[in-house]
Number of protein chains: 2
Amino acid sequence: MTTRWLTPKEQRAWRAYMAATNLLEDAIDRQLQQDAGMPHLYYGILANLSEEPERKLRMTDLAQKAKITRSRLTYAVTRLEKDGLIRREDCQWDKRSSFAILTDEGMAVLERTAPGHVETVRAAVFDHLSDEQVEQLEEISSVITRALEGDESAPHPPSDKLPWRRRSSSPCSGS
Amino acid sequence: MTTRWLTPKEQRAWRAYMAATNLLEDAIDRQLQQDAGMPHLYYGILANLSEEPERKLRMTDLAQKAKITRSRLTYAVTRLEKDGLIRREDCQWDKRSSFAILTDEGMAVLERTAPGHVETVRAAVFDHLSDEQVEQLEEISSVITRALEGDESAPHPPSDKLPWRRRSSSPCSGS
DNA sequence: GACGCTTGGTTAAAGTTTGAAACAAACCTA
DNA sequence: TAGGTTTGTTTCAAACTTTAACCAAGCGTC
């Protein structure tokens, strides 16, 4: 089958998109590293926990919510635990499971740094988009997500790798 | 100053965007690792070189084009050089500079794997977007890029770090 | 109740990224 | 033209990610 190359217009859009995401991810990582002493992914883990009723989540559930691998989460939680922002607790019912729990200190860090984070996102994105563009962004993003999540053709990751996975996500709900 | 949290609409857009980019990055990385034996970033470096008249670019220019740090580029080029896909060459005029040059083998790898890559991008993105949406995506991306590149307020990275630069993500929408 | 499969979580090793510092060549400028 | 600064690149250590095991607890079954 002959390749359906991208049209010039699609190419321009693709390049612009890649450039923007690279710059954005970097800016956010830098800001959070600066102000919160952790990369965006770690901030996202704390944020995810903060949204839970008891600020706790089983490791696997947390990994799914944050869309990262379990091993990556293990590493991150170990670090955050050392920092005193999270603590682990064994599950009573299922002795295999363990919870990650956001400590008061972790919550405090989140509350202290959320404003700066939001400000960064605003300054980079939403302060420059019209109302319609915000809608367009959501719609386009949703289309892409659907295309990728609906895709069961992808050879199912051996075991650790979740089918969708990764990089961070996670909002500071609370705030 | 009181924090200007994201509106519900902005939050939705932000989360959708983050989810999409996470999934997309992952899908592309997996596909390229599979078919070309390298992550997207490395493929991008080869692709950038292939567009040059002589398939060569000074390290710094390449870093800027690919929007990555110079140290990251050094590492990547070292690896690609080992693989025989790129070779270095010293610059005559400015003896501090060095070029990265795409070898014939590198070009061959690119040509062999480009169709699969394009197909992945199409399947995930462009096959599902209308003509207007492609335009919107470019426009929105450009706005973000301008916001981040034009920003000279950011405390200029000591040295290595470019003012804009890269990687992961995930914010706390305002909530 | 032993065998086998699945699930929750961690670990180890190899690969990659970061951030700061080191170097050397090129560029002022007095 | 000596001395100081900027520019182009690399290096190094520490932090992080990935992949592929690995272990132990639950689950089902014969």
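Quantities reported herein were computed from a predicted structural model and do not represent experimental measurements. Values reported hereafter were calculated over all heavy atoms of this structure, with side chains retained and with hydrogens, waters and symmetry mates removed.
- Linking Ile, Leu, Val, Met, Phe, Trp and Tyr whenever their side-chain heavy atoms come within less than 4.5 Å puts A/Val143 and B/Met18 in one cluster.
- If you measure from atom CD of B/Gln92 to atom P of C/dA25, you get 14 Å, rounded to the nearest angstrom.
- For the OP1/OP2 pair of D/dG8 and a distance below 4.0 Å, the side-chain nitrogens and oxygens of B/Ser97 include no atom meeting the criterion.
- In this structure, A/Ser98 reaches the sugar-phosphate backbone alone: every heavy-atom distance under 4.0 Å involves primed, P, OP1 or OP2 atoms, never a base.
- Between the C1' atom of D/dA14 and the OH atom of A/Tyr42 lies a distance of 12 Å, rounded to the nearest Å.
- At a threshold of 4.0 angstrom between heavy atoms, the contacts of A/Phe99 with the nucleic acid are absent.
- Atom CZ of B/Arg30 and atom P of D/dA20 are 13 Å apart (whole Å).
- Each salt bridge (charged side-chain N to carboxylate O under 4.0 Å, His left out) pair with one or both residues in residues 110-121 of chain A, not counting sequence neighbours, appears once here: A/Glu119-B/Arg4.
- Residue-environment remark: CD (B/Gln92) stays at or below the threshold of 12 foreign heavy atoms within 6.0 Å.
- Between the side chain of B/Ser71 and the base of C/dG19 there is at least one donor-acceptor pair of N/O atoms closer than 3.5 Å.
- Regarding A/Tyr43, its OH atom lies at a distance of 23 Å from the P atom of D/dA15, rounded to whole Å.
- The structure places CD of B/Glu132 at 13.0 Å from CG of B/Leu137, a figure rounded to the nearest 0.5 Å.
- Comparing A/Trp93 and A/Gly37, the nucleotide of DNA chain D nearest to each residue sits closer to the 5' end for A/Gly37.
- Which of C/dT10, D/dA25, C/dT18 sits closest to the side chain of A/Asp94 comes down to D/dA25.
- Summary of the strand contacts: B/Pro39 and B/Lys95 both lie near DNA chain C, and taking for each the nucleotide with the nearest heavy atom, the more 5' one is attributed to B/Pro39.
- Between A/Arg58 atom CZ and D/dA25 atom C1' the separation is 13 Å, expressed in whole Å.
- As a whole-Å value, the separation of B/Arg96 CZ from D/dT9 C1' is 10 Å.
- Against DNA chain C, the stretch residues 76-89 of chain B makes heavy-atom approaches under 4.0 Å through B/Arg79.
- Close to C/dT17, at under 4.0 Å from its OP1 or OP2, lies a side-chain N or O of B/Arg72.
- By the 4.0 Å N-to-carboxylate-O rule, B/Glu135 lies too far from A/Arg12 to be salt-bridged with it.
- Between B/Glu25 atom CD and C/dT17 atom P there is a gap of 11 Å when expressed in whole angstrom units.
- In this model, a side-chain donor or acceptor of A/Arg70 finds a partner on the base of C/dG9 within 3.5 Å.
- A/Met38 has its CE atom 18 Å from the P atom of C/dT18, to the nearest Å.
- Around atom NZ of A/Lys95, no more than 12 heavy atoms belonging to other residues, nucleotides or ligands sit under 6.0 Å away.
- No path of Ile, Leu, Val, Met, Phe, Trp and Tyr side chains, each step under 4.5 Å between heavy atoms, connects A/Leu80 with A/Ile101, placing them in separate hydrophobic clusters.
- The phosphate of D/dT9 (OP1 or OP2) has no side-chain N or O of B/Tyr75 nearer than 4.0 angstrom.
- With sequence neighbours excluded, the residues satisfying side-chain contact (heavy atoms from CB on, under 4.5 Å) with B/Asp35 are B/Gln31.
- Distances shorter than 4.0 Å separate some side-chain N or O of B/Thr60 from OP1 or OP2 on D/dT9.
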